[in-house]
S.K.: 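Before we start, here is the structure in question, set down as structure tokens.
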Amino acid sequence: MELDSILDVLDKKIILVTGATGFLAKIFVEKILRVQPNVKKLYLLVRATDSMSALRRFQTEAVEKDLFKVLKEKYHTNLQNFLSEKVILVPGDITCENLGVKDSCLKEDMWGDVEVVVNTAASTNFFERYDVALALNTFGAKFVLDFAKKCINIKLLLHVSTAYVSGEKPGIILETTSYLGEMIDIKHEKRIIEDRLKELEYHNANEQVVKMAMKDFGRQRANHYGWPNTYVFTKALGEMVLQHCKGDIPLVIFRPTIITSTYKEPFPGWIEGIRTIDNFIVGYGKDRLRFVPSDPECVFDVLPADMVVNAMIAAIVANVDQTSSVTIYHVGSSVSNPMTSTMIQKYIYMYFTQHPWTNKNGKPVIVSKLRTLKSMASFQRYITLRFMLPLQVLKVVNVILCQAFAGTCKNIERKINFVLWLVKLYQPYLFSKSLYDDINTEKLRNMVRESKQDDVFFNFDPKIIDWEDYFLHTHIPGVVRYEFK
């Protein structure tokens, strides 16, 4: 495969993208429109009740973002005409049969047109309500597959999963399904959710109580089956369903690791939403995080978003029109260009020392080096002795002195709660011993390298990344620009 063939394959293609206003999907759509304007049609499924709502969401959550500024510069006032020729917005919902598409004519057109389905729709909340996560990440994947089976010209379904479906397994994680175990009865999971909701309704639980109960239930079910959180558990269930029910459709399971801001395209540093390690960056830059439990040599497997999208496109080209196989791709950096916890801590200290964040009072926030606690036990001891016990003493003094230290108590408590929440959320990854083998992805990279233009359009080789330069001059500035409030 040569690079020219990637553009050739995209030429005149008709692609359905679910979750079209999500972070990764928007970068994918922008990339296709920018490098291959001859793509025939992009059906973009947007969670909306009608066409006008879908249009508003796409305009405000995609076109009006900085992400599309290169396309705006290219087409100027003709951008909307170009988009109207190439993009068909589809109001719908992947948690419903036929993706919730109500327009029967539009549905028939899609079944007759669509050649490639790219499923990016998901809830990425680690501790989402179990009913919500199961509906989106598991049953949603099944509804997307069912829809793809009705497309008479279907050539490929690419399903975006996550590398962390393997759970907390140490060592080299291969691009296989063996880590998923035996098929779990998702209908049973749905029934016990319904039973729990009925029980809560019987006891007149309010909305907040139901929400927290469903979040706790999701965590319990994930832990019961051996997964650390609801997100990766329901994504693993989604993979099980797809492989069990795929039939003759060629299927690509696409497993990215931690996705960071764009490396190069359409410009460096674009990001949307606080993504995993960015919580630590934000917390540290605002002086809400001074210590963290972590193995200093723990590898954080990250890859810039535009490289992830380049790999998606290469995977489509390599697998379209193939036999009814299942191909899995790990897309990350832990094997070819690993970055450790120590490296990240160094980079954020260097950046915020040189470029301190200015708080709402107009004062620069001065940071100190992040203290690393090498075990959860040492973390618990440290936070108890250094913060929790002194806070309790201060609260007693505050009562005696008629609330003289009320503001200080509240500020300290807020910082403690932030750290506890952050550690609870990411504990499995702070001590991770997993490395994600990417043999299949390396084959894709080798095919792209054969082209003379690989650096221009479709490079996704993590070995070219200088992590210090990327974090200091691209990623952290992007997080500060787009996510610091």
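Being a predicted model, the structure only gives us computed values, none of them experimental.
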S.K.: So do the side chains of V160 and P256 get within less than 4.5 Å of each other, counting heavy atoms only?
M.R.: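 Yes - at least one pair of side-chain heavy atoms lies under 4.5 Å apart.
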S.K.: Could you check whether any side-chain heavy atom of V423 comes within less than 4.5 Å of a side-chain heavy atom of P293, counting everything from C-beta outward?
M.R.: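 They are in contact (side-chain heavy atoms under 4.5 Å apart), so the answer is yes.
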S.K.: Testing the 3.5 Å rule here: is there a donor-acceptor pair between the side chains of E297 and S341?
M.R.: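 No, no side-chain donor-acceptor contact under 3.5 Å.
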S.K.: Grab the two heavy atoms, one from T372 and one from P296, that are nearest each other, plus how far apart they are.
M.R.: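 Closest pair (atom of T372, atom of P296, distance): CG2-CG, 4.3 Å.
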S.K.: Using modelled atom types and a 3.5 Å cut-off, is there a donor and acceptor pairing between side-chain atoms of K246 and backbone atoms of Q243?
M.R.: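 Side chain of K246 to backbone of Q243, a donor-acceptor pair under 3.5 Å: no, none is there.
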S.K.: Compare every heavy atom of A314 with every heavy atom of V448, then report the nearest pair and how far apart it is.
M.R.: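 Between these two residues, the closest heavy atoms are CG2-CB, 4.3 Å.
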S.K.: To the nearest 0.5 Å, what is the distance between OG1 on T177 and CD on E239?
M.R.: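 Here the interatomic distance stands at 8.0 Å.
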S.K.: Quick one: do L197 and I193 satisfy side chain to side chain contact (heavy atoms under 4.5 Å, CB included)? Show the steps, please.
M.R.: CA-CA 6 Å; L197 289 171; I193 286 174; 3.9 Å; yes
S.K.: Is D306 salt-bridged to K264, going by a charged N under 4.0 Å from an acidic O?
M.R.: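 Result for this pair is no, no salt bridge flagged.
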S.K.: Of the non-hydrogen atoms in P228 and V232, which two are nearest, and what is the gap between them?
M.R.: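 Heavy atoms only, the tightest pair is CD-CG2, 3.6 Å.
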S.K.: Take atom CE of M388 as the centre, draw a 6.0 Å sphere, and report whether it contains more than 12 heavy atoms from other residues, nucleotides or ligands.
M.R.: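 Count not over threshold, so no.
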S.K.: Cationic tip of K31 within the cone over F458's six-membered ring, i.e. under 6.0 Å and within 45° of the normal?
M.R.: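 Relative to the ring axis of F458, which defines the angle, K31 lies inside both limits.
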S.K.: Quick check: are there more than 12 heavy atoms from other residues, nucleotides or ligands sitting under 6.0 Å from NZ of K169?
M.R.: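 Yes, NZ of K169 has more than 12 neighbouring heavy atoms, counting only those of other groups under 6.0 Å.
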S.K.: Would you give the length of the straight line joining atom CH2 of W270 to atom CZ of F68, rounded to the nearest 0.5 angstrom?
M.R.: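 So the CH2 of W270 and the CZ of F68 are separated by 8.5 Å.
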S.K.: Do NZ/NE/NH1/NH2 and the carboxylate oxygens of K41 and D113 come within less than 4.0 Å?
M.R.: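 Counted as a salt bridge, because a side-chain N and a carboxylate O are separated by less than 4.0 Å.
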S.K.: Hey, does V326 have a side-chain heavy atom less than 4.5 Å from the side chain of I253?
M.R.: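 Yes; the side chains approach each other to less than 4.5 Å.
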S.K.: We want to know whether N417 and R414 form a side-chain donor-acceptor pair, criterion being a heavy-atom distance below 3.5 angstrom.
M.R.: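 Short answer, no.
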S.K.: Output the distance between atom NE2 (H475) and atom CD1 (I465), rounded to the nearest 0.5 Å.
M.R.: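 Between atom NE2 of H475 and atom CD1 of I465 there are 11.5 Å.
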S.K.: Between F127 and Y231, does the ring centre distance come in under 6.0 Å?
M.R.: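 No; Y231 has its ring centre 6.0 Å or more from that of F127.
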S.K.: ring-ring contact (aromatic ring centres under 6.0 Å, His included) with Y426: which of F431, F300, F280?
M.R.: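 It is F280; the other options fail the test.
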S.K.: Determine whether a donor-acceptor pair (N or O, by modelled atom type, separation under 3.5 Å) exists between the side chain of T474 and the backbone of G269.
M.R.: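 The answer is no, because no donor-acceptor pair under 3.5 Å joins these two groups.
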S.K.: Ignoring hydrogens and geometry, is there a side-chain-to-backbone donor-acceptor pair from T234 to T230 under 3.5 Å?
M.R.: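 At least one qualifying donor-acceptor pair exists.
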S.K.: May I ask you to decide if G100's main-chain N or O and D93's side chain share a donor-acceptor pair within less than 3.5 Å?
M.R.: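 Looks like no, no N/O pair under 3.5 Å.
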S.K.: Donor-acceptor pair, N440 side chain versus I328 backbone, under 3.5 Å?
M.R.: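 Yes, because the side chain of N440 sits within donor-acceptor range (under 3.5 Å) of the backbone of I328.
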S.K.: With under 30° as parallel and over 60° as perpendicular, where do the rings of F379 and F291 fit, or are they tilted in between?
M.R.: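 Geometry flag for F291 against F379: tilted rings.
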S.K.: With a sphere of 6.0 Å drawn around NZ of K150, does it hold more than 12 non-hydrogen atoms of other residues, nucleotides or ligands?
M.R.: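 Above 12, so yes.
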S.K.: Does the ring center of Y347 lie less than 6.0 Å from the ring center of W467?
M.R.: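 Centroid distance Y347-W467: not below 6.0 Å, so no.
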S.K.: With a 4.5 Å cut-off on side-chain heavy atoms, are I88 and L106 touching?
M.R.: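 With C-beta onward as the side chain, the pair touches.
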S.K.: So, do W421 and L425 sit near enough that their side-chain heavy atoms are less than 4.5 Å apart?
M.R.: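 Sidechains of L425 and W421: in contact.
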S.K.: Report the relative orientation of the aromatic rings in Y164 and Y429; use parallel for angles under 30°, tilted for 30 to 60°, perpendicular for over 60°.
M.R.: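 Y164 and Y429: perpendicular rings.
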S.K.: Just checking Y284 against W357, ring centres under 6.0 Å apart?
M.R.: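 No, the ring centres sit 6.0 Å or more apart.
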S.K.: For P462 and L303, which heavy atoms make the closest approach, and how far apart are they?
M.R.: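 Closest pair (atom of P462, atom of L303, distance): CB-CD1, 3.7 Å.
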S.K.: Would you say T340 and T342 are linked by a side-chain donor-acceptor pair, where the criterion is simply a distance under 3.5 Å?
M.R.: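 No.
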S.K.: Would you call R56 and E61 a salt bridge, using N to O less than 4.0 angstrom?
M.R.: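 No, no charged N to carboxylate O under 4.0 Å.
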S.K.: Spell out, as yes or no, whether a donor-acceptor pair under 3.5 Å connects the side chain of S375 to the backbone of S378.
M.R.: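 Yes, S375 side chain to S378 backbone: donor-acceptor pair under 3.5 Å.
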S.K.: At what distance, to the nearest 0.5 angstrom, does CG of L391 lie from OG1 of T384?
M.R.: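 One finds 11.5 Å between CG of L391 and OG1 of T384.
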S.K.: Say you draw a straight line from CZ of R34 to CG of L67; how long is it, rounded to the nearest 0.5 Å?
M.R.: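 Atom-to-atom, R34:CZ and L67:CG are 8.5 Å apart.
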S.K.: Should the pair Y470 and Y263 be assigned to parallel (<30°), tilted (30 to 60°) or perpendicular (>60°) ring geometry?
M.R.: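 Taking Y263 first and then Y470, their aromatic rings sit tilted (interplane angle of 30° to 60°).
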S.K.: Are D216 and R219 ion-paired here, with the side-chain N under 4.0 Å from a carboxylate O?
M.R.: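 Salt bridge present between D216 and R219.
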S.K.: How close do L289 and L370 get, counting heavy atoms only, and between which atoms?
M.R.: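 Where L289 meets L370 most closely, the heavy atoms are O-CD1, 3.6 Å.
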S.K.: At their closest point, which heavy atom of L136 faces which heavy atom of S123, and how far apart are they?
M.R.: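 It is CD1-CB, 3.8 Å.
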S.K.: Give me the ring orientation class for F254 and Y329: parallel if the planes are under 30° apart, tilted from 30 to 60°, perpendicular past 60°.
M.R.: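 Answer is tilted, since the angle falls between 30° and 60°.
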S.K.: For K69, does the NZ atom sit with more than 12 other heavy atoms under 6.0 Å from it, leaving out its own atoms?
M.R.: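 Buried by this count: over 12 neighbours within 6.0 Å.
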S.K.: Looking at E413 and K410, is there a salt bridge between them, counting it only when a charged N and a carboxylate O are closer than 4.0 Å?
M.R.: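 No.
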S.K.: Go through the steps for Y482 and D66 under the test side-chain hydrogen bond (donor to acceptor under 3.5 Å, both in side chains), then give the verdict.
M.R.: CA-CA 10 Å; Y482 292 106; D66 282 357; 3.0 Å; yes
S.K.: With a sphere of 6.0 Å drawn around CG of N206, does it hold more than 12 non-hydrogen atoms of other residues, nucleotides or ligands?
M.R.: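 Yes, enclosed.
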S.K.: Centroid separation under 6.0 Å, is that true for the rings of F471 and Y351?
M.R.: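 Centroid separation for Y351 and F471: 6.0 Å or greater.
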S.K.: Any side-chain heavy atom of E265 sitting closer than 4.5 Å to one from V309?
M.R.: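 They are not in contact (no side-chain heavy atoms under 4.5 Å apart), so the answer is no.
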S.K.: Decide yes or no for T257 and V308: does some side-chain heavy atom of the first lie under 4.5 Å from some side-chain heavy atom of the second?
M.R.: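 Result no, sub-4.5 Å side-chain heavy-atom pair not found.
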S.K.: Got a sec, which pairs hit ring pair (Phe, Tyr, Trp, His ring centres under 6.0 Å) with one end in residues 180-223, sequence neighbours left out?
M.R.: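 Residue pairs passing ring pair (Phe, Tyr, Trp, His ring centres under 6.0 Å), neighbours aside: Y130-F217.
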S.K.: Using only atom types and a distance under 3.5 Å, with no angle test, would you say the side chain of E483 pairs donor to acceptor with the backbone of G273?
M.R.: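 Flag set: sc E483 to bb G273 pair under 3.5 Å.
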S.K.: Does this structure show an ion pair linking E175 with R255, if we count only N-O contacts that are shorter than 4.0 Å?
M.R.: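 A salt bridge is absent here (no side-chain N lies under 4.0 Å from a carboxylate O).
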S.K.: If we ignore hydrogens and angles and just use 3.5 Å, is the side chain of N337 paired with the main-chain N or O of S333 as donor and acceptor?
M.R.: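 No, the answer is negative, given that no donor and acceptor are paired below the 3.5 Å cut-off.
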S.K.: Can D131 and R129 be counted as an ion pair, charged N to O under 4.0 angstrom?
M.R.: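 Yes.
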S.K.: Between D146 and K142, does at least one N-O distance fall below 4.0 Å, as a salt bridge requires?
M.R.: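 A salt bridge is present here (some side-chain N lies under 4.0 Å from a carboxylate O).
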S.K.: Name all pairs fulfilling the ring pair (Phe, Tyr, Trp, His ring centres under 6.0 Å) condition that reach into residues 132-152, sequence neighbours left out, sorted by first residue then second.
M.R.: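 For residues 132-152, and leaving out neighbouring residues, the ring pair (Phe, Tyr, Trp, His ring centres under 6.0 Å) pairs sorted by first residue read W111-F147.
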S.K.: Would you find a donor on one side and an acceptor on the other, under 3.5 Å apart, between the side chain of D437 and the backbone of I172?
M.R.: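 A pair under 3.5 Å: no.
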S.K.: A side-chain contact here means heavy atoms from C-beta on lying under 4.5 Å apart; do L157 and V252 qualify?
M.R.: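 A side-chain contact under 4.5 Å is absent here.
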S.K.: Is the shortest distance from a Lys or Arg side-chain nitrogen in E128 or K215 to a carboxylate oxygen in the other one below 4.0 Å?
M.R.: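 A salt bridge is absent here (no side-chain N lies under 4.0 Å from a carboxylate O).
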S.K.: Can a donor-acceptor pair be found, under 3.5 Å and without considering hydrogens, that links the side chain of K433 to the backbone of C298?
M.R.: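 Looks like no, no N/O pair under 3.5 Å.
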S.K.: Report the distance from atom CD1 of I476 to atom CG of D278, rounding to the nearest 0.5 Å.
M.R.: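 Result: 9.0 Å between the selected atoms.
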S.K.: Does atom NZ (K107) have a neighbourhood of more than 12 heavy atoms from anything else shown, all under 6.0 Å?
M.R.: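 Result for NZ/K107: enclosed.
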